[in-house]
There are 2 protein chains.
Amino acid sequence: MSAERPTMEDVAARAGVSRALVSIVFRGTAGASERTRERVLAAAADLGYQPDRRASRLSRTRTRMLGVVFGVGHAFHGDLVDSLYAAAAVSDYEVVLSGVTPRRPEEEAVRALLGERCEGIVLVGSALPSTALAELAARLPTVSLLRDVRAEGVDVVRTDEAEGLRQAVAHLHGLGHRHIVHVDGGRAPGAARRRQGYRSAVRRLGLAASPLLPGGLTEEDGARAAGALLSLPPGERPTAVTAFNDRCALGLVDAVRRAGLKVPEGLSVVGFDDIRAASYAHIALTTIRQDADALGRLAIERAASRLDGGRPPGSPVVVAPALVVRATTGAHR
Amino acid sequence: MSAERPTMEDVAARAGVSRALVSIVFRGTAGASERTRERVLAAAADLGYQPDRRASRLSRTRTRMLGVVFGVGHAFHGDLVDSLYAAAAVSDYEVVLSGVTPRRPEEEAVRALLGERCEGIVLVGSALPSTALAELAARLPTVSLLRDVRAEGVDVVRTDEAEGLRQAVAHLHGLGHRHIVHVDGGRAPGAARRRQGYRSAVRRLGLAASPLLPGGLTEEDGARAAGALLSLPPGERPTAVTAFNDRCALGLVDAVRRAGLKVPEGLSVVGFDDIRAASYAHIALTTIRQDADALGRLAIERAASRLDGGRPPGSPVVVAPALVVRATTGAHR
DNA sequence: CTCCTCGACTAGAGCGCTCTAGTATCGAGC
DNA sequence: GCTCGATACTAGAGCGCTCTAGTCGAGGAG
């Protein structure tokens, strides 16, 4: 149905120049006169020529490809992928996606990228054991985005979770809340730091640290935490909650409202992430915003500086979060 | 930091065989004795050799790569990507993802895939003009997944939206509802067919077709539709609603509940898609399930049959949806 | 003993680019 | 006139695989 795809050779013949010149024109490097450049591009357009990246990557010494492993369908990963694409373009790197899905484990996603000869790899919210990460890092520059790991050679780029929780607690404290509970994320990436941030913030304000409420990272986990919260004797019930993340907060808000408790009048709730849904007018979740743009940019820069600058490891990059006040928090009464 | 990556040549030398033999072993084709096979694999393992896919693809006549363009972060697209990965593996194709994000338009995502020399391309919920799709299809097998288009050469794989709405309306009718309103999806892919499915279903049951309520594909759109619905004079207010999709339904349910209307007692709501969140216990949305597995599988099969079987176009593939009854619908009273 | 067949293995020509080391041409400087 | 240095362009050797067309040797049939 379609004729053989034209190659550089065809374009060269049509433009009456050598293949090398066509290559020069398409790579945009110096060495071709303006007239020839135009002639070549015209010939290419006539033939519908498009350079073959496979061949180009094979012959180039550098592939300038950065692999990105992410959870397909994870809202926040999506925001990060957007930012990674943008940042890579700036540094003249190319992003190659490899998705993790229920049926496609992270190991396989990584293996696929290695076969492509990516020069570096960014793992978004990786769940790989740190030994596996260290092994990876021994082969090529490896950035763990979101997840904090101590693994030889692995660069970490993450949000300052503890600081985020400090801000959340301080915000609630400023509103007059004295009984604040944290809904925990369990073993999810970042959960430990948020937990710890909550505890130290509460302590510093001279409040009593309440036992954690078991939660998780989905709406369902949040709804379950709501059940636990509502079953507490009224006297022991907190007036404010910091949730592990936005989805968890959303589920919790939804469930307590259905039980007749008003938000924020009866309970103030703060999330974490600032996923898109959090900003919807009818939800208007007060939350701790993770700076997806900065996170993505720094992850790429980190990989690029290892590749280009030969700059050595360096300590984890920690991005400051920001409190976004919306409508799920209010004065204590 | 790392030595040069070993090549087939190195493995061959170490195993004391020719490069061709190593290739045979790694491709798993016949022509090597069991003993040699083991020797080669051992040598490869020693060196930490991994075949270079760029080179392999370049020399192979067929790349067996299928490009997939999808919306990063779209929950349902994520489900489809999972199924596409799985189906491609079965047909021995390789999936190459190219994400669409706020800053990376679909055109660019497609261009990237063409440069990779994908043999076929699957566009999930494409928003490209049909002329652009036809142009693409002239170059390589093109499947439009979810979106129904009439474009020369483009294979369409989609859910039977009209049938879905018929089921939704029939379900509500069976519960005694006589005043059912559809919250419209506007220009979103599939919206026209759902609209039309609603109208014909209502007509067939002898009910009056109410004017559509403008909605959209996000929770926010649903919440806005709720506002419009609540502002209707009580006598004109419907007792049941079919929403364009789950997210819209979720936003609507949330908003009407907050306004004091109980679901399903005061209003029954049916969504569309059956995204993961719909099944969460605290949400339990009655919805029309799109069969992501079948959709993905058929999309791959379609592309593969064009490529392998040379089977010609064929009519659009329409997948049956299924009603999933949960807790947002109840008997009219 | 010769002719065939068959399995195991190899040589070598690509695949479509990139990039180094050139050659040709031309104007300027002495 | 000759050299020099640019600038514009080309030849050709890879990059690391795949795959066709072989070679080689062992065994079976006649």
### Message
Using a 3.5 Å distance criterion without hydrogens, assess whether the side chain of A:S59 forms a donor-acceptor pair with backbone atoms of A:A55.
### Response
yes
### Atom pair distance, as rounded to whole Å: CZ in B:R62 and C1' in C:dC15
16 Å
### Query
Does a side-chain N or O from B:S33 land closer than 4.0 Å to OP1 or OP2 of C:dA8, or not?
no
#### Entry: Nucleotide D:dC17, atom C1' - distance to CZ of B:R5 in whole Å
14 Å
### Message
Given the structure, check if the side chain of A:R57 and the base of C:dT18 hold any donor-acceptor pair shorter than 3.5 Å.
### Response
no
### Message
Once you apply a heavy-atom cut-off of 4.0 Å, does A:R54 come out as touching a base, just sugar-phosphate, or nothing?
### Response
nothing
### Query
Nearest 0.5 Å, what's the CE-CD distance between A:M65 and A:E119?
7.5 Å
### Query
Looking at the side chain of A:A20, which of D:dC9, D:dG12, D:dG16 is the nearest nucleotide?
D:dG12
### Query
Which of these nucleotides, D:dC17, C:dC17, C:dC19, is closest to any side-chain atom of A:A55?
C:dC17
## Note on the structure
One should read off an interatomic distance between B:F76 CZ and B:L146 CG, to the nearest 0.5 angstrom, of 6.0 Å
### Query
Want to settle it: does B:A32 or B:S59 sit nearer the 5' end of DNA chain C, counting the closest nucleotide to each?
B:A32
### Summary
Closest of C:dC17, C:dT10, D:dT18 to the B:S18 side chain is C:dT10
### Message
I need the CZ-C1' distance between B:R19 and D:dT20, as an integer number of Å.
### Response
14 Å
### Summary
Between OH of B:Y49 and P of D:dG16 the distance, given in whole Å, is 10 Å
### Query
To the nearest Å, how far apart are B:M8 CE and D:dC15 P?
15 Å
#### Entry: Nearest to side-chain heavy atoms of B:R60, which nucleotide of D:dC9, C:dC17, D:dC19
D:dC19
### Query
OP1 or OP2 of D:dT18 less than 4.0 angstrom from a side-chain nitrogen or oxygen of B:R27, does that happen here?
yes
### Query
OP1 or OP2 of C:dC17 less than 4.0 angstrom from a side-chain nitrogen or oxygen of A:R53, does that happen here?
no
### Message
Parallel, tilted or perpendicular, judged at 30° and 60°: which one describes the rings of A:Y49 and A:F26?
### Response
perpendicular
### Query
Rounded to whole angstroms, how far apart are CG on B:D10 and P on D:dG16?
9 Å
### Query
For DNA chain C, whose closest nucleotide is more 5', that of B:L58 or that of B:E34?
B:E34
### Message
Without decimals, in angstroms, what is the distance between B:I24 CD1 and C:dG7 C1'?
### Response
11 Å
### Message
Below the 4.0 Å mark, does D:dC9 have OP1 or OP2 next to a side-chain nitrogen or oxygen of A:T36?
### Response
yes
### Query
In whole Å, what is the span from the CD atom of B:E116 to the C1' atom of C:dG16?
14 Å
### Task
Examine distances only and state if a side-chain atom of A:S126 and a backbone atom of A:S144 form a donor-acceptor pair shorter than 3.5 Å.
no
